[in-house]
Visitor: 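Take this structure first; my questions come after.
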2 protein chains.
Amino acid sequence: MLGLALPPQATQVGLAVDIAAFAMHGGELRVLLVQRGELPHARDWALPGGFVQPGEELHEAALRELRTETTVQLEPRHLEQFYTFGEVGRDPRGRIVSVAHLAVLPHGTVSVSGGGHTLGAEWLSAHHPPRLAFDHQTILTRALLRLQLRLEYANLALEFLPDTFTLPELQTVYEAILNRQLDKRNFRKRLLAQGILTPSGERRSGVGRPAQLYRRAKNVRVAAL
Amino acid sequence: MLGLALPPQATQVGLAVDIAAFAMHGGELRVLLVQRGELPHARDWALPGGFVQPGEELHEAALRELRTETTVQLEPRHLEQFYTFGEVGRDPRGRIVSVAHLAVLPHGTVSVSGGGHTLGAEWLSAHHPPRLAFDHQTILTRALLRLQLRLEYANLALEFLPDTFTLPELQTVYEAILNRQLDKRNFRKRLLAQGILTPSGERRSGVGRPAQLYRRAKNVRVAAL
DNA sequence: TCAAAAGTGTTGGGGATACACCCATGT
DNA sequence: ACATGGGTGTATCCCCAACACTTTTGA
């Protein structure tokens, strides 16, 4: 084999991943944030993330950081790379390029505490987050845009809910992500017409008329891209 | 300042950009390919690309590689990052992460020859390219998908044409990118209804009835994202 | 006059929007 | 009985797709 080493002009940079992980909590769209324990930006909120290890795939790094920086138990239901942030001055420690990922965690995955070198982790409002470290506000904004795109188009909303759910619950997910109100009748028509939901038993809510429970129909999968 | 050096766990990887540059030629969608002059994959076709230099922004690196690997004179009319390829085994020289870019070059930018350490550069069929080095076929396929998305939605087709053009020419761009035929009447209706075109003089084609010339209306811009 | 390409309208269907009342349950 | 939230139908509009003939020019 000839010439198969990294050529000298190959710039070495720090390679990182950051994750915008979303879930529903309290009828609101939340994003998982960690409180940094180290400089720079110590004690500021930031998206979970960190450096990719040698021989580690990008999505594996994203999963590992989610698990070690926060004690999130469940697997994400959706994980996709959506943009790479490599601006020269984005990190004061040097040239660090971050491949940003969008994750969706199912309902019930809401108890988190800090892990690794973070002071804590919390689910905070995705549309009105606190001030974020580095360029993480930019990353979050772009993640929200991508999430809204994917919603209309790949049934990502189902990934936010448990196996069985009611139509009003599903509508709440849509409204939280799109950040606007939807018409109940039109929403039901549209979703049922897609044929991706099948009814099961009934359910008593705390108050008011009980809602029909649905589950995702067999052979329904989320789009890959 | 404390602790602002790259931490030891920061994996160093090679950072590269690859560019899928598209243009119309001979009524067909073409992609700019270079013939590699070095190992690995010497003499194979590949997308132009190379390593990002220290202190250089990603999009600057993409522009520089376009100019040095090929003698493309004009500036791209559109340049956007669309995906990052970082699979561990994608390059035999080591861990190289490539931020892939989509570029659109205007008509007239068709004379190219190799530059830098390539043997040559040519505009070849985008839908039926030759066998490509590394994972560049995957990158090209994804670039085509993104180009098709952007077309319907951000008037990218205009960037393929000179300042003035006819509706049949514009339709040819759409058909070449979407890789299917469109109905002439519906196409004209749709495009004219958008109100982004304004007519100018007439033009005699070689044969047949002359077509009306159009230019893009004032205050029309391509979407940023 | 012929060949070649440009130009032109109508119809039907599907999906989105707007909109107000009745139903089932727990208290 | 009442408060609370779940469930339902219709009319309209707009966008898209299908479809064939006439017009203008150069040779």
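Residue numbering restarts at 1 for every chain, and letters A, B, ... go by the order of the sequence lines.
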Visitor: Using the heavy-atom set of chain A and a strict 4.0 Å cut-off, write down the first and last nucleotide of DNA chain C that makes it in, 5' to 3'.
Guide: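 The contacted stretch runs from dA16(C) to dG26(C).
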
Visitor: Measuring centre to centre across the rings, with the benzene-like ring taken for any Trp, is Phe165(A) within less than 6.0 Å of Tyr214(A)?
Guide: no

Visitor: Show me, pair by pair, the donor-acceptor contacts under 3.5 angstrom made by side chains of residues 128-137 of chain B, not counting sequence neighbours?
Guide:
{"from": "Asp135(B)", "atom 1": "OD1", "to": "Arg90(B)", "atom 2": "NH2", "distance (Å)": "3.1"}
{"from": "Asp135(B)", "atom 1": "OD2", "to": "Arg90(B)", "atom 2": "NE", "distance (Å)": "2.8"}
{"from": "His136(B)", "atom 1": "ND1", "to": "Leu47(B)", "atom 2": "N", "distance (Å)": "3.0"}
{"from": "Gln137(B)", "atom 1": "NE2", "to": "Thr141(B)", "atom 2": "OG1", "distance (Å)": "3.2"}

Visitor: Please encode protein proximity along nucleotides 6-14 of chain D as a string of B, S and -, counting only heavy-atom distances under 4.0 Å.
Guide: BBBBB----

Visitor: Could you tell me whether Arg146(A) sits above the aromatic face of Phe82(A), with NZ or CZ closer than 6.0 angstrom to the six-membered ring centre and within 45 degrees of the axis?
Guide: no

Visitor: Please step through salt bridge (Lys or Arg N to Asp or Glu O under 4.0 Å) for the pair Arg64(A) and Glu56(A), ending with a clear verdict.
Guide: CA-CA 10 Å; Arg64(A) 177 180 51 74; Glu56(A) 185 181 44; 2.7 Å; yes

Visitor: Using only atom types and a distance under 3.5 Å, with no angle test, would you say the side chain of Glu60(B) pairs donor to acceptor with the backbone of Glu57(B)?
Guide: yes

Visitor: Donor-acceptor pair, His78(B) side chain versus Pro76(B) backbone, under 3.5 Å?
Guide: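 Checking the backbone N and O of Pro76(B) against the side chain of His78(B), no donor-acceptor pair under 3.5 Å is found.
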
Visitor: Would you call Arg30(A)-Glu122(A) a salt bridge at under 4.0 Å N-O?
Guide: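 Salt bridge flag = no for Glu122(A) with Arg30(A).
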
Visitor: Are Arg203(A) and Glu169(A) ion-paired here, with the side-chain N under 4.0 Å from a carboxylate O?
Guide: yes

Visitor: dG5(D) P sits how many Å from Phe165(A) CZ, rounded?
Guide: 21 Å

